[in-house]
Amino acid sequence: QVQLVESGGGLVQAGGSLRLSCVASGRTSSSIRMGWFRQAPGKEREFVAAISWSGGNTAYADSVKGRFTISRDNAKNTVYLQMNSLKPEDTAVYYCAADLGPSWYLKSRTEEYDYWGQGTQVTVSS
């Protein structure tokens, strides 16, 4: 079992920045891959970013590329999502997820992740 707790969400004006954190506990391991997803009202949950166990490999959705940065600190069992140049369309509940599967590649589908946090709300006003 892995428990994930997100924090750092809030209300920000367009063009502003936020940093989300996700702390993992339980069966934690630096070998697990981590991802961030988001879900806006009335929409499906969508991939935002993922990071390998070492932090050396990352992947991003096209909609956030160049604005968001995913990183991790394995000593603190924490994954971060730095969000800059925020837009109203970034408004959503943001979830972190853990992939404990044997495959090494970074994944972007929700069904490929094993554990999920409860989410943190990000609201970007225009």
Side-chain angles (χ1 to χ4, degrees):
Q1 286 282 352
V2 175
Q3 294 78 43
L4 303 173
V5 179
E6 304 96 334
S7 63
L11 173 64
V12 64
Q13 288 189 333
S17 298
L18 282 174
R19 189 177 81 156
L20 306 183
S21 300
C22 172
V23 179
S25 60
R27 183 190 156 194
T28 58
S29 167
S30 62
S31 64
I32 64 175
R33 292 157 300 282
M34 298 294 295
W36 284 98
F37 289 75
R38 66 187 181 186
Q39 188 166 19
K43 295 188 177 181
E44 293 188 350
R45 194 169 297 188
E46 65 174 6
F47 172 74
V48 174
I51 189 166
S52 63
W53 68 270
S54 69
N57 290 322
T58 57
Y60 296 92
D62 287 344
S63 59
V64 306
K65 207 170 287 184
R67 300 188 298 123
F68 291 11
T69 303
I70 188 171
S71 62
R72 67 190 296 167
D73 183 340
N74 288 336
K76 297 181 179 179
N77 291 327
T78 302
V79 177
Y80 304 97
L81 185 68
Q82 177 67 43
M83 306 186 295
N84 298 329
S85 302
L86 282 161
K87 304 175 181 179
E89 51 263 45
D90 294 318
T91 295
V93 177
Y94 282 71
Y95 299 89
C96 72
D99 167 23
L100 276 67
S103 302
W104 59 268
Y105 62 92
L106 299 179
K107 299 161 187 173
S108 61
R109 298 190 302 173
T110 57
E111 58 266 33
E112 294 176 305
Y113 284 79
D114 303 293
Y115 295 95
W116 294 83
Q118 293 300 307
T120 184
Q121 176 71 47
V122 171
T123 302
V124 184
S125 63
S126 57

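Numbering of residues begins at 1 and proceeds along the displayed sequence. Please read these numbers as outputs of a predicted model, since none were measured by experiment.
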Gap between atom OH of Tyr94 and atom CG of Leu18 - 0.5 Å precision = 9.0 Å
message = Would you say that more than 12 heavy atoms from the other residues, nucleotides or ligands in this model lie under 6.0 Å from the CD of Gln118, or not?
response = no
key: Closest approach of Pro88 to Ser126 (non-hydrogen atoms, all atoms of both residues)   = CG-CB, 3.8 Å
task = Without swapping roles, check the side chain of Tyr113 against the backbone of Arg33 for a donor-acceptor pair under 3.5 Å.
result = no
SB check Asp62 Lys65 (cutoff 4.0 Å) = yes
ask   = Less than 4.5 Å apart, any side-chain heavy atom of Val12 and any of Met83?
value = no
request  = Measure the CD1-CH2 distance between Ile51 and Trp36 for me, rounded to the nearest 0.5 Å.
outcome  = 11.5 Å
ask   = Between the side chain of Arg72 and the main-chain N/O of Ser52, is any donor-acceptor distance below 3.5 Å?
value = yes
note = In short, Ser85 meets Asp90 closest at the heavy-atom pair O-OD2, 4.4 Å
message = Could you check whether any side-chain N or O of Asp99 sits under 3.5 Å from a backbone N or O of Leu106, counting only pairs where one atom can act as donor and the other as acceptor?
response = no
request  = Write down the atom of Gly119, the atom of Val93, and the distance for their closest heavy-atom approach.
outcome  = CA-CG1, 3.8 Å
request  = Hey, could you give me the OG1/CG distance between Thr69 and Leu81, rounded to the nearest 0.5 Å?
outcome  = 8.0 Å
task = Would you mind reporting whether Leu4 and Cys96 have side-chain heavy atoms less than 4.5 Å apart?
result = yes
query = Can you tell me if Tyr60 uses its side chain to pair, donor with acceptor, with the backbone of Ile70 under 3.5 Å?
reply = yes
Sub-4.5 Å side-chain heavy-atom contact between Arg38 and Glu46 = yes
request  = For residues Asp114 and Gly101, report the shortest heavy-atom separation together with the two atoms involved.
outcome  = OD2-N, 3.6 Å
task = Give, for atom OG1 of Thr91 and atom CD of Gln121, the distance between the pair rounded to the nearest 0.5 Å.
result = 7.5 Å
query = Roughly how far, to the nearest 0.5 Å, is CD of Glu6 from SG of Cys22?
reply = 5.5 Å
task = Run the numbers on Tyr115 and Ile32 for side chain to side chain contact (heavy atoms under 4.5 Å, CB included), then give the verdict.
result = CA-CA 11 Å; Tyr115 295 95; Ile32 64 175; over 6 Å; no
ask   = Does Leu11 share a hydrophobic cluster with Leu86, counting links as ILVMFWY side-chain heavy atoms below 4.5 Å and allowing steps through other members?
value = no
ask   = So, do Leu20 and Val122 sit near enough that their side-chain heavy atoms are less than 4.5 Å apart?
value = yes
key: Residue pair Val124 / Lys87, side-chain heavy-atom distance below 4.5 Å   = no
key: is_close_aromatic(Phe37, Trp116), centroid dist under 6.0 Å   = yes
inquiry  = For the OH atom of Tyr95 and the OG1 atom of Thr110, what is their distance to the nearest 0.5 Å?
reply    = 11.5 Å
